[in-house]
Trainee: 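Take this structure, written in structure tokens, and hold onto it; I'll ask about it next.
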Amino acid sequence: MIFRVSIDARDPCRVAAVLAELVGGRSVRGGAVWRVEASQAAPQMLVVPCEDPCTDAGHCSVTLATSLDIAEVYAIAGREGWPARYRRRASGLDVIELMLEGARAIEVITPDMQADHLGKLAASG
């Protein structure tokens, strides 16, 4: 079980707002850090300011489940000017790779994709 994910960002407010939109939650400021709250059952995501300068040396590996469909995820990416690509991983699982601020890749999985991911987890369990 994941309890917390931390992601560095040039604009933590903006990144937290988009992540909250993807998971159907809200972003809340806590000092310099933004917290993404989806539900009590969901992991907490923290979006923190990058140390200056923000480089690609920072790394995150996150797969987010969303209730949105593929077109809605692409619409959010387009609105933000962030690249998004449909990917089939070597495992055969489909994801949308979304580049936060054009620099940090996260995976977003729609309801259709989630069923495949859960089946794969159950089979490997």
Side-chain angles (χ1 to χ4, degrees):
M1 174 182 285
I2 297 171
F3 286 92
R4 184 176 64 177
V5 172
S6 182
I7 300 170
D8 60 343
R10 290 181 183 89
D11 186 347
C13 173
R14 179 181 178 198
V15 171
V18 171
L19 291 172
E21 185 176 358
L22 289 168
V23 298
R26 65 187 186 125
S27 59
V28 179
R29 186 177 189 154
V33 174
W34 286 82
R35 187 174 65 250
V36 177
E37 299 174 343
S39 71
Q40 291 181 347
Q44 184 180 104
M45 289 181 279
L46 299 178
V47 182
V48 299
C50 290
E51 292 184 17
D52 215 14
C54 190
T55 67
D56 289 338
H59 174 76
C60 67
S61 179
V62 178
T63 302
L64 293 180
T66 184
S67 61
L68 304 176
D69 64 28
I70 292 173
E72 291 169 315
V73 173
Y74 276 110
I76 291 169
R79 180 192 72 211
E80 298 300 321
W82 297 346
R85 296 181 283 205
Y86 182 90
R87 296 281 195 193
R88 174 153 291 177
R89 297 293 181 219
S91 62
L93 297 173
D94 297 329
V95 301
I96 299 169
E97 185 180 81
L98 175 63
M99 300 295 290
L100 302 177
E101 298 181 312
R104 304 279 186 274
I106 66 166
E107 296 176 341
V108 180
I109 56 175
T110 64
D112 291 340
M113 296 170 183
Q114 291 168 39
D116 291 338
H117 282 256
L118 291 172
K120 183 84 167 180
L121 284 173
S124 68

Trainee: Do I109 and L93 land in one hydrophobic cluster if side-chain heavy atoms of ILVMFWY residues count as linked below 4.5 Å?
Mentor: no
Trainee: Verify side chain to side chain contact (heavy atoms under 4.5 Å, CB included) between D112 and I70, making sure each step is shown before the conclusion.
Mentor: CA-CA 9 Å; D112 291 340; I70 292 173; over 6 Å; no
Trainee: For the CE atom of M99 and the CD atom of E80, what is their distance to the nearest 0.5 Å?
Mentor: 15.0 Å
Trainee: Once rounded to the nearest 0.5 Å, what's the spacing between atom CZ of R26 and atom CZ of R35?
Mentor: 7.5 Å
Trainee: If the condition is side-chain hydrogen bond (donor to acceptor under 3.5 Å, both in side chains), which residues does E72 pass it with, not counting sequence neighbours?
Mentor: none
Trainee: Please report the closest heavy-atom contact between T66 and P111, naming both atoms and the distance.
Mentor: O-CD, 3.2 Å
Trainee: Do the side chains of I7 and I76 join up, straight or via other hydrophobic residues, at under 4.5 Å, putting them in one cluster?
Mentor: yes
Trainee: Could you pull out the closest heavy-atom pair between S27 and A20, with the gap in Å?
Mentor: N-CB, 3.7 Å
Trainee: For the hydrophobic clusters of this structure (ILVMFWY residues joined by side-chain heavy atoms under 4.5 Å, transitively), does one cluster hold both V28 and V36?
Mentor: no
Trainee: Side chains of L64 and V62, heavy atoms from C-beta outward: is any pair under 4.5 Å?
Mentor: yes
Trainee: Can you spot which of I96, V108, T110, L22 makes a side chain to side chain contact (heavy atoms under 4.5 Å, CB included) with L68?
Mentor: L22
Trainee: Restricting to side-chain hydrogen bond (donor to acceptor under 3.5 Å, both in side chains), what partner residues turn up for E107, sequence neighbours left out?
Mentor: T63, R89
Trainee: Which atom names give the shortest non-hydrogen contact between Y74 and R85, and what distance separates them?
Mentor: OH-C, 3.3 Å
Trainee: Take V15 and W82 through the side chain to side chain contact (heavy atoms under 4.5 Å, CB included) test and state the conclusion after the steps.
Mentor: CA-CA 11 Å; V15 171; W82 297 346; 4.0 Å; yes
Trainee: Do side-chain atoms of E101 reach the backbone of D11 as a donor and acceptor pair under 3.5 angstrom?
Mentor: yes
